[in-house]
Amino acid sequence: MPELPEVETVARGLRPVMESRRIVTVELRRKSLRYPLPRDFAARLVNRGIRSVGRRAKYVLVNLDNGEALLIHLGMTGRLTVLPASGGQRNLGEFYNEEAATANPAGKHDHVVFGLDDGTRIVFTDPRRFGAMDIVPEGGEESHPRLKDLGPEPFGNGFSSAHLAGRFRGKKAPLKAALLDQGVVAGLGNIYVCEALFRSGLSPKRRAGSLARTASVEPRLDTLVRHIRDILEEAIIAGGSTLQDFAGADGSSGAYQQRFLVYDREGEPCTKCRKPIKRIVQSGRSTFYCPACQK
DNA sequence: CGGGACTCCTGCCAGC
DNA sequence: TGCTGGCAGGAGTCCC
């Protein structure tokens, strides 16, 4: 499931392929993904030069030479595959089942294909269709409905213990839910929230507001901020190195999954205290944590 | 308005 | 062996 590090990895992979190229064809195989695509989607992209490729939260932003930007969200199962003109392929993020994708090469779930002026094609595949695309008008990054309410980037100056304290103040929602809220901090998903809370020794069940009441909890928020940054950075590094090995069809992008300390480890011994990792459900999602270590 | 429940979608897998 | 139900979850919507 693509969270910030996976999306960052995809953006970095697209950069050398797309930057300073021109989009010459846009093939739409369905009218909508998660949401309907703009009626003039293809027309606004064709013949546009690509200035840069960036990321905001879990969105890839392809910045065009007219100031507009192509916005891509990979949802749960979205994939971008680069097909060079010379043949072969290179996957940019395989967040679904490797075997299933390999067993289904016919392109049943290939929804959008971009053609570049050097013959490269970029295929967007998304079996579950939780992904989305849109076009952000020039200067519209602050006002676009999908972007305007996003919280600060975890690596930016806007993300700090003071910011979290402000956002948590009076909040009754559990810490887990608060950190999944993209308006509090952008880019975290289920896996990295579980991991960051474990490293920080904070219970996912604790009320977010309990971390904002007094100055005495500020060090705990500092710790949380540091761990969120660390874990995202490690995942980006792991994803980046994975991507380099991804030229072949049999490459696996799951290398960093080995690093999870609590996620999907129900019943396994905690790496700190050896007591079993517990799984609970919060707002319909699995939470994995160590009841002994996380308070 | 905050917060929880529900919804979308498809593939996988455990269990019968 | 084949079917089925439950589960996966990002994020928007709906309702209390």
Side-chain angles (χ1 to χ4, degrees), chain A residues 1-10 29-37 55-61 71-80 93-112 124-134 144-151 154 166-197 204-212 232 235 252 254 257 260 262-267 279-289:
Chain A
M1 49 263 29
E3 303 183 26
L4 183 151
E6 292 76 28
V7 179
E8 178 64 29
T9 298
V10 169
R29 301 194 178 164
R30 53 167 60 243
K31 289 181 185 128
S32 69
L33 299 171
R34 177 175 183 146
Y35 312 103
L37 291 158
R55 178 193 60 75
R56 173 76 173 109
K58 299 172 191 170
Y59 292 93
V60 174
L61 281 161
L71 185 74
I72 303 174
H73 197 294
L74 298 173
M76 276 289 302
T77 56
R79 246 186 310 144
L80 290 165
E94 175 65 72
F95 305 120
Y96 203 55
N97 183 286
E98 183 72 26
E99 287 74 26
T102 310
N104 184 22
K108 180 179 166 189
H109 301 297
D110 295 348
H111 305 311
V112 185
F124 176 76
T125 310
D126 185 10
R128 228 170 281 182
R129 252 184 293 131
F130 278 19
M133 289 192 200
D134 198 2
H144 189 278
R146 305 277 169 262
L147 302 177
K148 65 182 171 65
D149 295 322
L150 290 171
R167 292 303 303 246
F168 286 174
R169 194 156 290 125
K171 224 177 177 27
K172 291 177 183 167
L175 197 46
K176 165 83 182 302
L179 290 173
L180 280 177
D181 183 343
Q182 300 298 296
V184 169
V185 54
L188 293 181
N190 203 38
I191 294 174
Y192 294 113
V193 168
C194 288
E195 295 296 312
L197 287 175
K205 296 196 287 189
R206 171 197 269 268
R207 284 187 177 195
S210 73
L211 280 175
L232 294 176
S252 165
Q257 288 175 12
F260 298 153
V262 288
Y263 186 81
D264 209 18
R265 290 188 178 275
E266 181 183 15
R279 173 184 174 273
I280 58 171
V281 174
Q282 291 179 291
S283 42
R285 301 277 176 284
S286 287
T287 297
F288 299 89
Y289 74 112

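Chain naming here is simple, since letters A, B, ... match the order of the sequence lines and numbering starts at 1 in each.
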Practice task
Look at the side-chain N and O atoms of A:Ser286 and state whether any lies under 4.0 Å from the OP1 or OP2 oxygen of C:dA8.
Solution key: yes
Completion exercise
Atom CG of A:Asp126 and atom C1' of C:dG10 are separated, to the nearest Å, by 11 Å
Problem - Interatomic distance, A:Ile191 CD1 vs C:dG9 P [rounded to whole Å] - result: 7 Å
Problem - Heavy-atom donor-acceptor pair, A:Arg279 side chain to A:Ser286 backbone, under 3.5 Å - result: no
Exercise for the section: Could you check if a side-chain atom of A:His109 sits within less than 4.5 angstrom of a side-chain atom of A:Thr125, using non-hydrogen atoms only? Expected result: yes
Handout entry: Validation row: A:Val112, A:Ile72 side chains within 4.5 angstrom (heavy atoms)
Key = no
Practice task
Would you mind telling me which of C:dG10, C:dG12, B:dT10 lies closest to the side-chain atoms of A:Tyr35?
Solution key: C:dG12
Problem - pi-stack flag for A:Phe130 and C:dA11, centroid dist under 5.5 Å, interplanar under 30° - result: no
Practice task
Rounded to the nearest angstrom, tell me the gap between atom NE2 in A:His144 and atom P in C:dA11.
Solution key: 14 Å
Problem - Check: A:Glu195 side chain, A:Tyr263 main-chain N or O, donor-acceptor pair, under 3.5 Å - result: yes
Handout entry: Phosphate-side-chain proximity, A:Gln182 and C:dA11, N/O vs OP1/OP2 below 4.0 Å
Key = yes
Exercise for the section: Return the value, rounded to whole Å, for the distance between atom CZ of A:Arg34 and atom P of C:dG12. Expected result: 7 Å
Exercise for the section: Go through C:dG10, B:dT10, C:dG12 for me and flag the one nearest to the A:Tyr59 side chain. Expected result: C:dG12
Practice task
Figure out the CG/P separation between A:Asp181 and C:dG9, and round it to whole Å.
Solution key: 18 Å
Practice task
Report the end-to-end axis angle of the helix from B:dG2-C:dC16 to B:dC16-C:dG2; each axis comes from five terminal pairs, and the value is rounded to 10°.
Solution key: 50°
Practice task
Decide side-chain contact (heavy atoms from CB on, under 4.5 Å) for A:Tyr35 and A:Arg146; before the verdict, give the C-alpha distance in whole Å, the side-chain angles of both, and the deciding distance to 0.1 Å.
Solution key: CA-CA 12 Å; A:Tyr35 312 103; A:Arg146 305 277 169 262; 3.8 Å; yes
Problem - Listed nucleotide nearest any side-chain atom of A:Lys108, set B:dC9, B:dG11, C:dG10 - result: B:dG11
Problem - Which residues share a side-chain hydrogen bond (donor to acceptor under 3.5 Å, both in side chains) with A:Tyr289, sequence neighbours left out - result: A:Lys205
Problem - Side-chain N or O of A:His73 closer than 4.0 Å to phosphate OP1/OP2 of C:dG10 - result: no
Practice task
Determine: side-chain N/O of A:His109 to OP1/OP2 of B:dG11, distance under 4.0 Å, yes or no.
Solution key: yes
Exercise for the section: Would you state whether a donor and an acceptor, one from the side chain of A:Arg285 and one from the base of C:dA8, lie under 3.5 Å apart? Expected result: no
Practice task
Under 4.0 Å between any heavy atoms, over every strand shown, what does A:Arg146 touch: base, sugar-phosphate, or nothing? Just pick one.
Solution key: sugar-phosphate
Handout entry: For A:Arg206, all residues meeting side chain to side chain contact (heavy atoms under 4.5 Å, CB included), sequence neighbours excluded
Key = A:Leu175, A:Leu202, A:Ser203, A:Ser210, A:Leu211, A:Arg220
Practice task
Write down the distance between CG (A:Asp134) and P (C:dA11), rounded to a whole number of angstrom.
Solution key: 15 Å
Exercise for the section: Measure from the side chain of A:Arg279, starting at C-beta and using heavy atoms only, and say which of B:dT10, C:dA8, C:dA11 lies closest. Expected result: C:dA8
Practice task
Return the value, rounded to whole Å, for the distance between atom CG of A:Leu33 and atom C1' of C:dG12.
Solution key: 15 Å
Problem - Whole-Å distance separating the CZ atom of A:Arg129 from the P atom of B:dG11 - result: 10 Å
Practice task
Kindly write out the residues that satisfy side chain to side chain contact (heavy atoms under 4.5 Å, CB included) with A:Arg285, not counting sequence neighbours, or none if the list is empty.
Solution key: A:Lys176, A:Asn190
Handout entry: Contacts of A:Ala173 that satisfy side chain to side chain contact (heavy atoms under 4.5 Å, CB included) - sequence neighbours left out
Key = A:Ala177
Practice task
For the pair A:Phe124 and A:His111, name the ring-plane relationship: parallel under 30°, tilted 30 to 60°, perpendicular over 60°.
Solution key: tilted
Output one line per pair: protein atom, nucleotide atom from nucleotides 3-5 of chain B, and distance, for all N/O pairs under 3.5 Å.
residue : atom : partner  : partner atom : Å
B:dG3   : OP1  : A:Lys172 : N            : 2.5
B:dG3   : OP1  : A:Ala173 : N            : 3.2
B:dG3   : OP2  : A:Lys171 : NZ           : 3.0

